[in-house]
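Some notes on the structure that comes next.
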Protein chains: 4
Amino acid sequence: MAAGQRRGGDTKAEIRRVAIELFTERGYEATSLREIAERLGITKAALYYHYSSKENIVLSIFQAHLDALDGLVAWAREQPPGPETLAQAVDRMIDLGVGSGMSAMKFAMANQHVVRELHDHKGRENAFGKMTELFDILIGPGASVEETLRIRSALLSVNMVLMAARDLNASEAEITKAARAIAHTLINPENL
Amino acid sequence: MAAGQRRGGDTKAEIRRVAIELFTERGYEATSLREIAERLGITKAALYYHYSSKENIVLSIFQAHLDALDGLVAWAREQPPGPETLAQAVDRMIDLGVGSGMSAMKFAMANQHVVRELHDHKGRENAFGKMTELFDILIGPGASVEETLRIRSALLSVNMVLMAARDLNASEAEITKAARAIAHTLINPENL
Amino acid sequence: MAAGQRRGGDTKAEIRRVAIELFTERGYEATSLREIAERLGITKAALYYHYSSKENIVLSIFQAHLDALDGLVAWAREQPPGPETLAQAVDRMIDLGVGSGMSAMKFAMANQHVVRELHDHKGRENAFGKMTELFDILIGPGASVEETLRIRSALLSVNMVLMAARDLNASEAEITKAARAIAHTLINPENL
Amino acid sequence: MAAGQRRGGDTKAEIRRVAIELFTERGYEATSLREIAERLGITKAALYYHYSSKENIVLSIFQAHLDALDGLVAWAREQPPGPETLAQAVDRMIDLGVGSGMSAMKFAMANQHVVRELHDHKGRENAFGKMTELFDILIGPGASVEETLRIRSALLSVNMVLMAARDLNASEAEITKAARAIAHTLINPENL
DNA sequence: GATGAATGAGTATTCATTCAT
DNA sequence: TATGAATGAATACTCATTCAT
């Protein structure tokens with residue numbers, strides 16, 4: 001009966017907001033579209049009017065992040081190898097986690113196997129594949145396992161700090177700053 | 001005649017082994033008991049003969065880890081505060097990730113929301129609660145956000161290195177060793 | 001500029017054309033209004049501007065055929081019983097399948113249960129009911145089962161030949177001609 | 001609660017019986033698994049215990065028919081061409097519609113587009129493809145369109161008579177007998 | 001120590017339809 | 001003459017779980 005009712009703002013964005021919230025809190029599979037719809041006060045069918053599948057909701061959340069990662073890989077590929085490039089890459093990596101990137105990263109941490117199967121809609125690699133690519137560009141073939149893991153960890157410092165910050169009363173800025181500090185400690189030649 | 005046809009009698013352990021494998025690879029909710037049973041060549045009903053629920057399979061995987069964490073918290077509570085205790089705690093934390101603890105940790109990383117809702121059968125806190133407790137014991141109330149995150153990250157270094165080691169050809173020993181090195185870099189007073 | 005971009009104004013006819021095509025190929029229930037709309041490059045809602053329901057699209061396709069059948073029944077009722085009338089009825093029946101009647105018949109063959117439940121909007125009987133009526137008029141009460149089936153089959157010869165012609169490179173005229181020949185063979189007294 | 005209750009006879013066969021009945025009466029898509037389950041007094045999930053999909057129910061109904069058709073094609077391929085072989089083929093074709101084959105044929109007539117997409121589980125052709133193959137074997141390349149359609153119609157006579165017999169009080173034996181008579185009339189050289 | 005048969009509650013997804021604009 | 005946004009009811013299918021044997 002009451003079909004076609006106009007909602008307040010941007011339904012599509014609202015769906016994304018609620019979805020990312022629930023996917024992160026309770027996990028992708030553990031969150032049903034019914035729950036998302038209910039929390040929004042719309043029907044499941046309305047969800048499908050805006051997104052053609054559950055997976056597509058996730059993609060819409062993640063696409064920007066995937067694109068940014070691609071950009072970072074492309075950038076890295078064109079730099080001369082060396083500590084300078086590494087330091088800059090670490091900073092850029094942390095920048096990816098700023099703003100809306102942060103919720104995408106939290107989602108990724110909480111739903112790793114979903115991310116592993118989530119190729120972007122241009123059919124390119126998933127986020128883990130892109131990270132591995134970045135690692136390979138930045139870490140020379142002669143590096144020891146420990147050195148490798150140190151650099152990789154530096155590049156993943158936002159992820160780690162995000163995990164460490166659970167239940168801690170810290171602003172996004174503080175988290176980012178800590179991640180930066182930690183990352184640079186890890187790649188500081190004096191600590192090797 | 002052919003090997004692997006009949007289970008050697010320890011079906012329970014086989015179930016645990018397959019379950020942990022699948023839960024870690026594809027996620028807890030995304031893994032059905034049917035899949036586990038099929039991979040083992042038994043029926044779903046047989047699974048229920050050995051474990052009374054899906055959650056209980058997870059608990060059986062995780063219980064030892066939960067107990068060990070409890071032990072660590074108890075130990076920490078009795079030490080005098082200070083850098084010495086912190087350093088030892090970090091080492092003990094890393095020890096938790098050795099041997100069978102490592103697959104429990106991988107499972108936890110891949111299924112964070114499951115772990116959050118998994119209270120052990122003695123009704124005690126979940127793993128994240130226990131970690132928070134440990135953090136609070138080891139980190140003084142006056143610590144800055146950055147210092148706090150640094151120490152927490154050190155305590156979580158195995159987790160991070162585990163994430164960083166994806167697709168890397170590294171032995172468990174090498175991973176543990178790297179985690180130890182990274183953790184100690186992070187809590188080294190010279191780096192603050 | 002490009003041809004076929006804008007419909008020439010007769011959207012209603014275009015809808016019918018596409019609908020009959022899809023209904024016949026894939027079946028009535030298996031064809032959604034979305035598919036019809038998409039193939040036409042319009043929206044589902046536009047479909048509803050032209051036809052008030054899915055069933056009504058079918059009716060618009062079928063109504064002329066239903067009316068023609070009614071006419072044939074009325075005609076038959078007024079003829080004297082006998083082989084002469086039967087022969088003429090068979091010819092008229094085949095004429096129903098000429099031109100636009102042919103696609104209506106194909107639709108009917110492919111969607112028998114839809115046709116059975118499709119009463120025309122004047123509330124008269126469905127197509128199968130009308131056929132049964134026609135059979136009863138043309139076949140005397142004393143006829144044997146075999147004779148009955150022979151005559152009925154003759155009246156249905158277009159349908160059969162249509163089925164038989166699947167994947168055959170034959171013109172409508174050839175099909176009609178064959179149907180006529182077959183029908184007359186079946187009711188030829190020498191073959192009884 | 002009341003799980004695992006034992007039913008009277010062979011549930012699998014009962015499902016097939018009810019399914020074929022409904023699929024034929026109301027059409028494949030128009031028949032939901034809920035309806036089938038309800039009519040059997042079991043749950044939808046029980047249906048899935050016995051058949052892994054709706055399509056598989058249909059296959060289980062149709063497989064024997066598909067196999068028989070294959071056999072007929074193989075037989076035809078080995079005969080010398082000529083009117084004798086054709087006459088025998090027609091008889092064998094009609095034999096396919098005897099007994100349980102009859103309900104399979106009724107199902108096929110009522111659900112042509114389903115049959116078109118139903119390849120057997122060995123991945124071989126669908127029923128229409130097999131029929132076309134049979135036609136090609138039995139009808140020489142020089143045949144006229146009319147001759148071709150006559151022979152094809154003879155081979156399809158059971159189907160036609162089945163259609164013609166709707167609402168007629170005729171036994172299966174009578175129907176088969178009429179089909180045979182009609183088929184032989186159609187291929188009788190005197191009628192060409 | 002296991003299985004075969006079943007269930008109740010759920011899932012993602014689709015459909016015909018509506019209506020304000 | 002259309003469309004964008006939505007809905008209610010349905011669909012095929014899956015899952016964790018149960019229990020008599």
Side-chain angles (χ1 to χ4, degrees), chain A residues 1-7 10-12 29-37 40-57, chain B residues 6-7 9-12 29-37 40-57, chain C residues 6-7 9 11-12 28-37 40-57, chain D residues 1-7 10-12 29-37 40-57:
Chain A
M1 252 144 230
Q5 230 133 239
R6 195 68 65 265
R7 319 196 70 248
D10 192 343
T11 308
K12 231 164 163 136
E29 284 96 348
T31 303
S32 73
L33 294 184
R34 182 182 48 73
E35 287 174 296
I36 296 178
L40 280 164
I42 61 176
T43 59
K44 269 185 292 169
L47 241 46
Y48 275 90
Y49 177 75
H50 294 284
Y51 289 100
S52 60
S53 69
K54 196 183 181 186
E55 206 195 334
N56 264 3
I57 299 181
Chain B
R6 279 280 108 231
R7 262 168 307 293
D10 204 351
T11 309
K12 245 174 146 116
E29 284 96 348
T31 303
S32 71
L33 295 185
R34 182 181 46 73
E35 287 174 295
I36 296 176
L40 282 165
I42 61 176
T43 60
K44 266 189 295 173
L47 243 43
Y48 275 89
Y49 178 80
H50 294 284
Y51 289 100
S52 63
S53 71
K54 194 183 182 187
E55 209 194 334
N56 267 358
I57 298 181
Chain C
R6 276 285 108 226
R7 262 166 310 291
T11 309
K12 247 177 144 109
Y28 177 74
E29 283 96 348
T31 302
S32 73
L33 295 186
R34 182 180 48 71
E35 285 173 295
I36 295 176
L40 283 164
I42 62 176
T43 60
K44 265 189 297 173
L47 244 44
Y48 275 89
Y49 178 79
H50 294 285
Y51 289 100
S52 63
S53 72
K54 196 184 181 187
E55 208 194 335
N56 268 358
I57 299 182
Chain D
M1 252 145 230
Q5 230 132 238
R6 195 67 68 265
R7 320 196 70 248
D10 191 343
T11 308
K12 231 162 164 141
E29 284 96 349
T31 302
S32 73
L33 294 185
R34 182 182 48 72
E35 287 174 295
I36 296 178
L40 281 165
I42 62 175
T43 60
K44 269 186 292 169
L47 242 45
Y48 275 93
Y49 177 75
H50 293 284
Y51 289 100
S52 61
S53 69
K54 196 184 180 187
E55 207 195 333
N56 264 3
I57 299 181

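Below, each value reflects all heavy atoms present in this structure, side chains not excepted, and no hydrogens, waters or symmetry copies. Order of the sequence lines fixes the chain letters, A, B, ..., with proteins taken first and strands second; residue numbering starts at 1 for each chain.
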Scanning all shown strands, the Watson-Crick or wobble mate of F:dA16 with both distances under 3.5 Å is E:dT7

Search all heavy atoms of C:Asn56 against all heavy atoms of C:Ser52 and return the closest pair with its distance.
ND2-OG, 2.7 Å

Which comes earlier along DNA chain F counting from the 5' end, the contact point of C:Lys44 or that of D:Ala30, where each point is its nearest nucleotide?
C:Lys44

Roughly, in whole Å, what's the span from CD1 in B:Ile36 to C1' in F:dT14?
15 Å

Measure CG/C:Leu47 against P/E:dC19 and give the value in whole Å, please.
17 Å

Counting only side-chain heavy atoms from C-beta out, which of E:dG8, E:dG4, F:dT7 sits nearest to D:Ala45?
E:dG8

For the residue pair A:Leu33 and A:Ile57, establish whether any side-chain heavy-atom pair is separated by less than 4.5 Å.
yes

Strictly by Watson-Crick or wobble contacts shorter than 3.5 Å, is anything paired with E:dT21, and which nucleotide is it?
F:dA2

Which whole-number value in Å describes the distance from C:Arg34 CZ to F:dT7 P?
19 Å

Shortest non-hydrogen separation from A:Ala30 to A:Glu35 and the atoms involved:
O-OE1, 3.5 Å

Where the side chain of A:Thr43 is defined as all heavy atoms beyond and including C-beta, which of E:dT3, F:dG8, E:dT17 is the nearest nucleotide?
F:dG8

With a 4.5 Å cut-off on side-chain heavy atoms, are D:Tyr49 and D:Thr11 touching?
no

Can you tell me the distance, in whole Å, between the CD atom of C:Glu29 and the C1' atom of F:dA10?
14 Å

Can you measure C:Leu33 atom CG to E:dA16 atom P for me and round it to whole angstrom units?
4 Å

Integer-rounded Å distance: E:dG4 C1' and D:His50 NE2
9 Å

Rounded to whole angstroms, how far apart are CD1 on A:Ile42 and C1' on F:dA6?
9 Å

Residue whose nearest DNA chain F nucleotide is more 5′ - B:Ser52 or B:Glu35:
B:Glu35

Expected output: side-chain C:Lys54 to main-chain C:Tyr28 donor-acceptor under 3.5 Å:
yes

Options F:dC15, E:dC15, E:dA2, nucleotide nearest the side-chain atoms of B:Ser32
F:dC15

Quick check for you: among F:dC13, E:dA6, E:dT13, whose closest atom lies nearest to any side-chain atom of D:Tyr48?
F:dC13

Taking atom C1' of F:dT17 as reference, at what distance in whole Å does atom CG of B:Asn56 sit?
13 Å

Which nucleotide in the list E:dA2, E:dT17, F:dT3 gets nearest to the side chain of C:Lys54?
E:dT17

Just N and O in the side chain of A:Tyr49: are any of them under 4.0 Å from OP1 or OP2 of F:dA5?
yes

Does a side-chain N or O from D:Thr11 land closer than 4.0 Å to OP1 or OP2 of E:dA6, or not?
yes

